[in-house]
Number of protein chains: 2
Amino acid sequence: MKYTMKDIAQAAGVSLSTVSLVLNDRPVRVSDKTRKRIKQIAAETHYQPNSAAVSLSRHVSYNIGLIVPDITNPFFAQMTREINEQLAQHGYSTLFADSNNSAEKERHILHNMVSRGVDGILLVPSNEFFYQDMEKLQKQIDETGKPFVLVNATADKLRVCSVNFDNFQGAALATQELIDHGHRNIAFIQGKAQYVNAPERYQGYRQTLEKNGLTFHPDFLYEGDYSIESGYQAASSIINNNEVTAVLSSSDMMLFGIIKWANEHQVNAFNRFSMIGFDNDPYDVITQYPLTTVDQQISKMVSESVGALLKMIVNKKITHQKLIVTPELIRRQSVRMIKK
Amino acid sequence: MKYTMKDIAQAAGVSLSTVSLVLNDRPVRVSDKTRKRIKQIAAETHYQPNSAAVSLSRHVSYNIGLIVPDITNPFFAQMTREINEQLAQHGYSTLFADSNNSAEKERHILHNMVSRGVDGILLVPSNEFFYQDMEKLQKQIDETGKPFVLVNATADKLRVCSVNFDNFQGAALATQELIDHGHRNIAFIQGKAQYVNAPERYQGYRQTLEKNGLTFHPDFLYEGDYSIESGYQAASSIINNNEVTAVLSSSDMMLFGIIKWANEHQVNAFNRFSMIGFDNDPYDVITQYPLTTVDQQISKMVSESVGALLKMIVNKKITHQKLIVTPELIRRQSVRMIKK
DNA sequence: TTGAAAGCGCTAACAT
DNA sequence: ATGTTAGCGCTTTCAA
């Protein structure tokens, strides 16, 4: 049998409200005696509040919506794990959805989650997020009236709270590392035109080149969608571009794609050129030589995101701050000194 | 402003109940005219039902609890993605939680989800799931009164619905493959004693050995917890066990651990021995030679699991069927013919 | 073809 | 220190 407050009230011979006050630990009235008795009965009956009823009357659900583009990607998986954990620590549950990298699905899920009564939303956007009409998007987000934070993207044109790492700096760090190792002809695999985080990385790469007196060469520019597959696609032309001695990739996964292609074609990618990726993927260490990579400080991003979201929720006030965390270059063995 | 059915009723000049009937597409009474009008107004006002209210009165939430041991493991990530997708297709949302491979946390989450009013639960158990007191566990599950399915494990001692793949057969397939390639000294890295799925794989390995007239050798038996790290730990002793010419690992990840150790110690794992793992990890193809592996048919397991769960929900009847799907050996390039 | 009203389980303002 | 009561927004039975 499922016990309700009413049952407990009856059993204890008190009123409903007294039970409610006690079980919610409201520090008011109620004698210690009855307090004890009620708690006692609640424990014996394994009383569990009906959360639908609580939601309905308190207008909160203690559920947070989390939307990620691809849970299969270790970067987002790790993010999800930490978000889930931190939310749980604060008494919130995670209503999860994978948008499969579709902006349309993203909107659909967003809508759905709002109607499920989530208290707030964490959106890790799909690649194509910024291809949408910002006006409309802004309107949709505003209309939800829910605390919202965009994670892993910076939306200059959107009045929303966002948390991201410094993409420009990440790319700059990596580019400089390659240059410091004597590389002059550095290929860059960028995300497509308006992909989330792509332009910033491109600028970091390009400006670091210039800062070091190197001229940018369009022939060294490649494009992918961060997936293993897209790295694989680009592999042959990069590997056969004989001038390049190093490649900076916008994701470790694309580097995996290159390595895969190389393996299949009897060429050793690590001997062919130096490589740096983004994401600090856990699998970076299983390739023949562990990959040097840009770490985005997932934990930091997550705690900032969750912190900002919960703050909005408790303060009942929506803010639009942009938070940026600093990335870190993880040096491993995929970068070699080049002799000139 | 947030519109309610009451607002719509007022605007349409009809009663609340009429609105409810129309918006829920109940095929009863109500003239087409008023039906249209109501739908019209609902659309204009972007009406969204308050799901807490629906839950409260209908005693269903359209939320399903999903508990996984480690979302960071690609195997579970892929499972999660498919589960989420299939649930969504049926109008259910996913209340997600990562148990971090802790049986205690698992119980805690389970409890929590029930009190959140989920309509059913999918539990992908932690490694140590079967170390628990089955009596107590059975009681806890029964007490929830919720449709429940255990995914990726078989619980002979538990009266619950479960969906798993045939671990025995998977191990047998892989062992036979190695034997067919001339291997006689096949190491096996098993999960710890009572780990989920571990004993069945061990039996598959062992019985296949015997079936082929090979004697089982305790020195060829190793232990791990499926992680990269645990493979790494075991690596040196396996690699230095000069008799072994092939290794069957209970997870691809542990093979990655071995490969990592080998890379670090200037030995080529692929030249050292043949290898087969379990999980068909997406990263199997980025190692120097793509790994042969046992594929558990995640999609199949997921559709069986979700199907069984939803069936219980709509039939309002809890069942305890055990479903088993057939694994498949994915042949790639980590197994070589050995000359005798 | 439609409306009124009770009820889902809990919260909170108001009484006593 | 404790009880009464009016909602929260929706579903559903019973009347009309």
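All values below come from the heavy atoms of this structure, side chains included, with hydrogens, waters and symmetry mates left out. Throughout, protein chains are lettered first and strands after them, A, B, ... in sequence-line order, and every chain is numbered starting at 1.
Side-chain N/O atoms of A:Thr18 and A:Ser15 include a donor and acceptor closer than 3.5 Å.
Here the rule is side chain to side chain donor-acceptor pair (under 3.5 Å) with A:Asp142, and of A:Gln138, A:Lys139, A:Lys146 only A:Gln138 fits it. The side chain to side chain donor-acceptor pair (under 3.5 Å) test with A:Lys300 singles out one residue from A:Gln297, A:Gln296, A:Glu304, and that residue is A:Glu304.
Looking at heavy-atom distances under 4.0 Å, B:Thr34 makes contact with sugar-phosphate atoms alone, never a base. Using a 4.0 Å heavy-atom cutoff across all strands shown, A:Gly117 reaches no nucleic acid atom at all.
Put simply, NZ on B:Lys36 is 15 Å from P on C:dT1, counting in whole angstrom units. Going from atom CD1 of A:Ile38 over to atom C1' of D:dA1 covers 12 Å, rounded to whole Å. What separates CG of A:Asp25 from P of C:dT11 is a distance of 12 Å, to the nearest Å.
Checked against the 6.0 Å centroid threshold, A:Tyr62 and A:Tyr92 count as a close aromatic pair.
For the pair A:Asp98 and A:Lys105, the salt-bridge criterion is not met [side-chain N within less than 4.0 Å of a carboxylate O]. Using a cutoff of 4.0 Å between basic side-chain nitrogens and carboxylate oxygens, B:Asp7 and B:Lys2 are not scored as salt-bridged.
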Quick one: which protein N/O atoms are closer than 3.5 Å to N/O atoms of nucleotides 7-11 of chain D? Pair and distance per line, please.
| unit_1 | atom_1 | unit_2 | atom_2 | d |
| --- | --- | --- | --- | --- |
| D:dC8 | O2 | A:Ser57 | N | 3.4 |
| D:dG9 | N2 | B:Ala53 | O | 3.4 |
| D:dC10 | OP1 | B:Tyr47 | OH | 2.4 |
| D:dC10 | OP1 | B:Asn50 | N | 3.3 |
| D:dC10 | OP2 | B:Met5 | N | 2.7 |
| D:dT11 | OP1 | B:Asn24 | OD1 | 3.4 |
| D:dT11 | OP1 | B:Asn24 | ND2 | 3.2 |
| D:dT11 | OP2 | B:Ser20 | OG | 2.9 |
| D:dT11 | OP2 | B:Asn24 | ND2 | 3.1 |
| D:dT11 | O4' | B:Ser57 | OG | 2.9 |

